Structures are given as C-alpha cells and as structure tokens.
Amino acid sequence: QVQLVESGGGLVQAGGSLRLSCAASGRTFSNNAMGWFRQAPGKEREFVVGIVWSGTSAYGADSVKGRFTISRDNAKNTVYLQMNSLKPEDTAVYYCAARSVYGLGYRAGEYNYWGQGTQVTVSS
C-alpha cells in the first residue's frame with residue numbers, strides 16, 4: 001500500500017522558516033513527479049511547487065518564488081519543502097502528492113497519491 005507521510009509543520013512567526021518532509025513508502029517514486037499543494041480555510045487546494053526525478057522544479061504560485069525550495073532525495077524516497085521568510089498568508093495545510101508518471105502536474109487531479117497533510121501556521 002502506498003503511503004505519503006508529511007512532517008515538519010508547525011507554528012512559526014512571520015519571517016521564520018520551516019522544512020517539510022514527505023516520505024514515500026510502498027513503492028519507489030524516484031522516477032515520478034512529486035509536488036506540494038496547500039489549502040487554506042475556505043480556499044481551494046493550490047499547487048505550490050513540483051519536481052521531477054532529475055531535480056527540475058516548477059512553481060505554481062508566484063508568491064513563493066524565492067522563498068520556497070523543493071528538493072528530493074531519490075535514495076530515501078523523500079521530498080522536502082524548505083520554506084523561508086514565511087508570511088501569515090502562507091498559513092495552510094500542506095499536502096505532499098505523487099504522480100504515477102514522470103511529468104509535472106499542476107492540478108490536484110493529476111496526482112494519484114496524497115499524504116494526510118501537515119498544518120503550517122504563520123503568526124504575524
């Protein structure tokens with residue numbers, strides 16, 4: 001059974017940093033695209049950033065460019081999201097997701113596997 005387990009969320013003050021991790025088990029995702037989404041209360045799930053096996057990444061939200069960095073360790077079947085200079089508007093539940101194919105996806109419907117989510121709260 002495939003599992004994606006996120007960790008690293010929490011409460012941080014504006015300007016602070018957090019590093020989210022997503023560990024995959026049940027199958028190897030080293031050749032598959034993975035991504036991070038977030039969902040704030042009352043809003044739709046938003047694509048934040050995705051990454052393919054080679055390390056090429058693409059951002060979905062201009063607001064996180066220059067502040068968030070995605071990376072992956074294929075040997076550990078783990079994807080990371082380093083979040084710096086956090087803002088209150090970054091507050092959301094962050095979800096890790098994986099596709100069954102190589103290419104990046106930008107919509108939630110393009111991802112086949114999901115983690116349970118981890119809460120990130122940024123206080124002003």
Side-chain angles (χ1 to χ4, degrees):
Q1 187 175 359
V2 175
Q3 278 193 317
L4 299 178
V5 180
E6 302 102 333
S7 61
L11 173 64
V12 64
Q13 288 189 333
S17 298
L18 284 173
R19 188 194 195 204
L20 306 183
S21 298
C22 172
S25 62
R27 60 163 286 181
T28 299
F29 286 97
S30 58
N31 294 325
N32 302 89
M34 299 187 72
W36 287 96
F37 287 75
R38 66 185 181 185
Q39 189 166 19
K43 295 188 177 181
E44 292 187 354
R45 193 166 296 189
E46 172 190 35
F47 173 72
V48 177
V49 62
I51 189 168
V52 297
W53 74 271
S54 63
T56 300
S57 61
Y59 292 87
D62 289 340
S63 62
V64 306
K65 291 179 181 178
R67 300 189 298 121
F68 290 11
T69 303
I70 189 172
S71 61
R72 66 189 297 166
D73 185 333
N74 290 332
K76 295 182 178 180
N77 229 16
T78 300
V79 174
Y80 305 96
L81 181 64
Q82 178 66 43
M83 304 186 294
N84 298 327
S85 302
L86 282 161
K87 303 175 181 180
E89 51 264 42
D90 294 319
T91 295
V93 176
Y94 283 71
Y95 296 91
C96 172
R99 300 194 73 195
S100 296
V101 296
Y102 169 84
L104 277 171
Y106 296 85
R107 297 187 299 270
E110 295 178 295
Y111 286 76
N112 306 94
Y113 306 98
W114 291 86
Q116 80 287 352
T118 185
Q119 177 70 46
V120 171
T121 302
V122 185
S123 63
S124 57

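The structure presented is a predicted model; accordingly, all values stated were derived computationally and were not measured. Every heavy atom of this structure was used, including side-chain atoms; hydrogens, water molecules and symmetry mates were not.
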Which atom names give the shortest non-hydrogen contact between [X] and [Y], and what distance separates them?
X: S57; Y: V49; value: CB-CG2, 4.5 Å
X: A92; Y: A40; value: CB-N, 3.8 Å
X: A33; Y: G103; value: CB-O, 3.2 Å

With distance as the sole test, does [X] use its side chain to make a donor-acceptor pair with the main-chain N or O of [Y] at under 3.5 Å?
X: E6; Y: Q116; value: yes
X: N32; Y: S100; value: yes
X: T91; Y: V122; value: yes
X: R19; Y: G8; value: no
X: Y59; Y: F68; value: yes

- prompt: Apart from Y111 itself, what residues make up its hydrophobic cluster, given side-chain heavy atom links below 4.5 Å?
  reply: F37, F47, V52, W53, V93, Y95, Y102, L104, Y106, W114
Could you state the interatomic distance from [atom1] ([X]) to [atom2] ([Y]), rounded to the nearest 0.5 Å?
X: W36; Y: L20; atom1: CH2; atom2: CG; result: 4.5 Å
X: I70; Y: Q82; atom1: CD1; atom2: CD; result: 12.0 Å
X: Q13; Y: S124; atom1: CD; atom2: OG; result: 9.5 Å

Less than 4.5 Å apart, any side-chain heavy atom of [X] and any of [Y]?
X: M83; Y: D90; answer: no
X: V64; Y: R38; answer: yes
X: M34; Y: L4; answer: yes

- request: Evaluate whether atom CD of E89 has more than 12 neighbouring non-hydrogen atoms of other residues, nucleotides or ligands under 6.0 angstrom away.
  value: yes
query: How about R67: does its CZ atom have over 12 heavy atoms from other parts shown lying under 6.0 Å from it?
result: yes
field: Shared hydrophobic cluster, V48 / Y113 (ILVMFWY, side-chain heavy atoms < 4.5 Å)
entry: yes
message: Closer than 4.0 angstrom, basic N to acidic O: yes or no for K65 and D62?
response: yes
